[in-house]
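This is a predicted model, so every value here is computed, not measured.
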Amino acid sequence: MATLLYKLGHAAYRKWYYFLAAWIVALVGFGALAGAVKQPYQDTFSIPGIPSLQAQTMQQKLFPGTGNAEDQASVTVVVAAPKGHTLKEPTYSNAVNDLIAQLKKVPQMPADAKTLVNPVQASAAQYQMAVQAAVKQGQPQAVAEANAKALLPLSADGRIGTMTFDFDVAKVTDVKPASQDAVLDALADARKSGLQAEVNGSGMQSFDVEGGSGELLGVAVAALVLLITFGSLVAAGLPILSAFVGVGAGTIGVMIASKFTTISTTTPILATMIGLAVGIDYTLFILSRYRSELRNTDDRAHAAGLAVGKAGSAVVFAGLTVLIALAALAVVGIPFLTTMGMAAAGTVFFAVLVALTLLPAILGMLKSHAFGGSFRTPHRELDSDGKVINNGVRWARFIGKRPAVIGGIITLVLIVLAVPAKDLHLALPTDSTAATNTTQRKAADLITEGFGPGRAAP
């Protein structure tokens, strides 16, 4: 493998214009394709084989008109009167009626919108119908009344009520941002009357990928470390540039894949995080080796080939290890985990490819300027064998003299850092776990306050 990688690195350095052109054409071409076929990301969590999914499948067979619950763009509007007041009071009842009238004008709203009814009126009618139907089927009066009260759209104190509807779309991703904005505008108008109005549900889900600030902070820290390591502006920028190219290629792949399968909003975020990490590392391996080889030869093409042949072997091995580990997420048989693993694995693959081909091509283009922009004159201290002694060598020797002590300290630190894990609770994200300043979270909290835990997601 080392011989093949040497030839690859040597060729990429000497024929750098071909390699750069190939990368540019590939990124632009596939980027255009991705822009044309990309579908919105959608947070759909389904685990094949679980009882709830089996029940849903059976329901669709028995009642074909019900459709797939995952495709229903449901919306729950939660209204609440101020504490000490109820929705039955004329002021707040009229405010709810005005809100309903505005909601019926929202784009993509069903023509009939039968479920948009004032919760005060709906509660009375629903309670009477549910009790009569249950008693008619043989349920005791007390049991029928208790069951009916548990499903009412109005809280026991009359302060909090709910209204639900589904956008008239084939699937959740078809809901337009303009429709969601119209709902939010209607709620904002309702709040002017003193009514608290919030909304949640799959129909109000945003498909914009969040994140980026954390990754940029990590890149900034990496840039600082690279500047200290190389003492060169150009050399410090090469690993970051390579990482961005690898992440860009991986993101293009995720966008194209969204045409053929459901991609969650967290998938490109995970791929970006892992892609940046390994992209910087893998490029750094080869670039550092290239600098070391230049101390022994003036032939830069030969040095690039040696760097790719030696350090590149470690890059290939490390990349394959990470790639296999991420792809192994498919073994659990959970679709959204599989897509996350495959997307991240694809980004790692591109990071390896960039380090082995694009980096030596850029070095060939820069030639003697690869370590340009130097702001520190290297002071090389040599040992008796003529090998360079730097801070890394000194640190390794320090650790080697006290392995037991250092190992004990590291173990103690890890134990301390692991203590908070005892309070860790795992679950899939819902509106009740959203940020506290979002209307989705406020709606979920109001439902819990008025109807008890579990009402929003029994």
As a quick check of understanding, evaluate side-chain contact (heavy atoms from CB on, under 4.5 Å) for Leu276 and Phe244, giving each step before the final call. CA-CA 7 Å; Leu276 285 174; Phe244 278 137; 3.9 Å; yes
Pair Met163-Val96, side-chain contact (heavy atoms from CB on, under 4.5 Å): steps then yes or no: CA-CA 10 Å; Met163 300 176 289; Val96 173; 4.2 Å; yes
Tyr290 and Phe285: side-chain contact (heavy atoms from CB on, under 4.5 Å), yes or no, with the steps? CA-CA 9 Å; Tyr290 174 68; Phe285 290 163; over 6 Å; no
Test log, rule ring pair (Phe, Tyr, Trp, His ring centres under 6.0 Å), inputs Phe398 and Trp395: CA-CA 5 Å; Phe398 173 78; Trp395 176 252; 5.7 Å; yes
Report the C-alpha separation of Phe260 and Gln39 in whole Å, then their side-chain angles, then the decisive distance to 0.1 Å, and conclude whether the side-chain contact (heavy atoms from CB on, under 4.5 Å) test is met. CA-CA 9 Å; Phe260 307 101; Gln39 299 297 313; over 6 Å; no
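Side-chain contact check for Val79 versus Gln196: every heavy-atom pair is 4.5 Å or farther apart. Inter-residue side-chain proximity for Val199 and Leu187 is flagged as met; some heavy-atom pair is nearer than 4.5 Å. In this structure the side chain of Phe451 never reaches within 4.5 angstrom of the side chain of Leu446, judged on heavy atoms. Contact annotation: the side chain of Phe167 approaches that of Val75 to within less than 4.5 Å [non-hydrogen atoms, C-beta and beyond]. For the pair Met342/Leu326, no side-chain contact is recorded, criterion being any heavy-atom separation below 4.5 Å from C-beta on. With contacts defined as side-chain heavy-atom distances shorter than 4.5 Å, the pair Thr338/Leu329 does not qualify. Ser368 is listed as a side-chain neighbour of Arg300, based on a closest heavy-atom distance under 4.5 Å. At least one side-chain heavy atom of Met204 sits under 4.5 Å from a side-chain heavy atom of Leu184.
A salt bridge is defined here as a Lys NZ or Arg NE, NH1 or NH2 lying under 4.0 Å from an Asp or Glu carboxylate O, and Glu198 with Arg191 meets this definition. Under a 4.0 Å N-O distance rule, the pair Lys442/Asp445 does not qualify as a salt bridge.
Note: Met109 CE to Phe165 CZ = 3.5 Å, rounded to the nearest 0.5 Å. Between Leu103 atom CG and Lys105 atom NZ the span is 11.0 Å, to the nearest 0.5 Å. One distance of note links CG of Leu116 with CG of Leu99; it measures 8.5 Å at 0.5 Å rounding. Of the inter-residue distances, the one linking Leu306 atom CG with Ser292 atom OG reads 11.5 Å to the nearest 0.5 angstrom. The distance from the OG1 atom of Thr162 to the CD1 atom of Ile160 is 10.0 Å, given to the nearest 0.5 Å. The CG atom of Leu294 lies 9.5 Å from the CG atom of Asp299; values are rounded to the nearest 0.5 Å.
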Enumerate donor-acceptor pairs with a distance under 3.5 Å from any side-chain N or O in residues 346-367 to protein atoms, sequence neighbours excluded.
residue	atom	partner	partner atom	Å
Thr347	OG1	Ala343	O	2.9
Thr357	OG1	Trp23	NE1	3.1
Thr357	OG1	Leu353	O	2.6
Lys367	NZ	Gly364	O	2.8

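In terms of heavy atoms, Leu226 sits closest to Ala236 at CD1-O, 3.3 Å. Looking at every heavy atom in both residues, Ala307 comes nearest to Ile286 through CB-O, 3.6 Å. Taking all atoms of both residues into account, the shortest heavy-atom contact from Leu227 to Ser232 is CD2-O, 4.0 Å. Ala327 approaches Ala345 most closely through the heavy-atom pair N-CB, 4.3 Å. Across Thr297 and Ala303, no two heavy atoms sit closer than the pair CG2-CB, 3.9 Å. Across all their heavy atoms, Ala235 and Leu287 have their closest contact at O-CD2, 3.4 Å.
Between the side chain of Thr261 and the main chain of Ala257, no donor-acceptor pair closer than 3.5 Å is present. For the pair Ser288 (side chain) and Leu284 (backbone), a donor-acceptor distance under 3.5 Å is absent. Not one N or O on the side chain of Asp431 forms a donor-acceptor pair closer than 3.5 Å with the backbone of Ala443. In terms of modelled atom types and a separation under 3.5 Å, the side chain of Gln180 and the main chain of Gly203 share a donor-acceptor contact. Here the side chain of Thr267 pairs no donor or acceptor atom with the backbone of Ile263 at under 3.5 angstrom. Formation of a donor-acceptor pair under 3.5 Å by the Thr448 side chain with backbone atoms of Pro453 is not found in this model. The backbone N or O of Ser74 sits less than 3.5 Å from a side-chain atom of Ser202, completing a donor-acceptor pair.
Checked options Ile252, Ile256, Val28; the residue passing with Leu33 is Ile256 (criterion: side-chain contact (heavy atoms from CB on, under 4.5 Å)).
If you check the side chains of His302 and Tyr13, you find no donor sitting under 3.5 Å from an acceptor. One side chain, Gln108 or Ser179, offers a donor N or O that lies under 3.5 Å from an acceptor on the other.
Take Ala434 and apply the side chain to side chain contact (heavy atoms under 4.5 Å, CB included) test, not counting sequence neighbours, and it matches Thr438, Arg441.
Atom CZ of Phe317 has 12 or fewer heavy atoms from other residues, nucleotides or ligands within 6.0 Å. No more than 12 heavy atoms of other residues, nucleotides or ligands sit less than 6.0 Å from atom CG of Asp298.
Residue pairs satisfying the salt bridge (charged side-chain N to carboxylate O under 4.0 Å, His left out) criterion with at least one member in residues 260-289, sequence neighbours excluded, are listed as follows: Arg289-Glu293.
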